[in-house]
Amino acid sequence: MEGMEMICFQIIANSGGAKSAYMSAIEAAKNGDFEAAEKHMNEGDEYMNQGHEPHAKLIQNEAAGESTPVSLLLVHAEDQMMGAEQFKALASQMIDLYKRLEKAE
């Protein structure tokens with residue numbers, strides 16, 4: 001596997017790791033363990049950063065005039081990254097909600 005395929009799989013793998021970490025954060029918050037929830041959110045952010053690095057390189061290359069071949073694999077990688085970003089926003093809101101619920105009890 002070379003070049004573009006490797007970049008796509010780096011994005012996909014890191015996006016998947018991020019989503020899993022964000023899901024673990026929600027589960028920890030559901031159980032009242034907000035310290036663990038924060039740890040999982042930070043872990044998810046690390047995965048997202050690792051996924052954004054190759055993605056940013058593609059954007060920089062294209063901005064410099066190097067054409068990026070669009071493939072189904074790249075579209076899937078983009079979709080996975082966007083989904084992980086949306087999941088992060090949802091996880092953050094759910095953790096805040098669990099905190100409010102705990103205070104109300």
Side-chain angles (χ1 to χ4, degrees):
M1 188 177 344
E2 299 179 14
M4 192 59 155
E5 288 176 336
M6 183 58 79
I7 290 170
C8 290
F9 282 115
Q10 287 173 335
I11 294 168
I12 292 165
N14 284 299
S15 296
K19 282 193 274 186
S20 293
Y22 296 143
M23 188 65 200
S24 294
I26 293 170
E27 190 65 30
K30 179 180 174 183
N31 294 323
D33 189 349
F34 299 109
E35 187 175 314
E38 184 177 343
K39 178 182 157 238
H40 290 300
M41 289 297 287
N42 290 335
E43 178 185 359
D45 291 345
E46 288 176 27
Y47 277 114
M48 286 301 293
N49 288 337
Q50 291 173 20
H52 276 293
E53 287 177 22
H55 185 256
K57 185 171 173 111
L58 287 177
I59 293 170
Q60 290 168 354
N61 290 347
E62 186 142 335
E66 183 181 317
S67 179
T68 302
V70 178
S71 67
L72 183 57
L73 190 58
L74 178 59
V75 172
H76 179 62
E78 292 275 336
D79 180 56
Q80 292 301 302
M81 190 167 56
M82 285 177 31
E85 289 174 356
Q86 292 170 336
F87 203 86
K88 175 187 177 178
L90 177 65
S92 179
Q93 291 296 313
M94 290 185 73
I95 291 166
D96 287 345
L97 180 59
Y98 280 122
K99 286 178 180 177
R100 290 178 71 184
L101 288 172
E102 185 173 274
K103 286 180 184 177
E105 291 178 349

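As a basis for the values below, the full set of heavy atoms in this structure was taken, side chains included, without hydrogen atoms, waters or symmetry mates.
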Please examine the side chains of Y22 and M48, heavy atoms only from C-beta on, and report whether any two atoms are closer than 4.5 Å.
yes

To the nearest 0.5 Å, atom OG of S24 lies from atom CD of E43 at 7.0 Å

side-chain hydrogen bond (donor to acceptor under 3.5 Å, both in side chains) assessment of E27 paired with H40
CA-CA 10 Å; E27 190 65 30; H40 290 300; over 6 Å; no

Please report the closest heavy-atom contact between A37 and A28, naming both atoms and the distance.
N-CB, 3.7 Å

Just do the side-chain contact (heavy atoms from CB on, under 4.5 Å) check on I59 and T68 with the steps written out, would you?
CA-CA 9 Å; I59 293 170; T68 302; over 6 Å; no

Answer yes or no: are there more than 12 heavy-atom neighbours, outside E38 itself, under 6.0 Å from its atom CD?
no

Check whether any side-chain heavy atom of L58 sits under 4.5 Å from a side-chain heavy atom of L74, and report yes or no.
yes

When rounded to the nearest 0.5 Å, the distance separating NZ of K57 from NE2 of H55 is 14.0 Å

Answer yes if M81 and I7 sit in the same cluster of Ile, Leu, Val, Met, Phe, Trp and Tyr residues linked by side chain heavy atoms under 4.5 Å apart, and no otherwise.
yes

E66 vs Q60 side-chain heavy atoms within contact, under 4.5 Å:
no

Ignoring hydrogens, what is the shortest heavy-atom contact between P54 and I11? Give both atom names and the distance.
CG-CG1, 4.0 Å

Separation between CD1 (I26) and CE (M41), nearest 0.5 Å, reads 8.0 Å

Hey, does the side chain of N14 reach the backbone of Q10 with a donor-acceptor pair shorter than 3.5 angstrom?
yes

Name every donor-acceptor pair, under 3.5 Å, that has one atom in a side chain of residues 92-105 and the other anywhere in the protein, sequence neighbours excluded.
none

Side-chain polar contacts of residues 83-90 - donor-acceptor pairs under 3.5 angstrom, sequence neighbours left out - could you list them?
unit_1 : atom_1 : unit_2 : atom_2 : d
E85    : OE2    : H52    : NE2    : 2.9
K88    : NZ     : D45    : OD1    : 3.0

For a quick test of reading the model, state the closest non-hydrogen atom pair linking D33 to A36 and the distance between them.
OD1-N, 3.1 Å

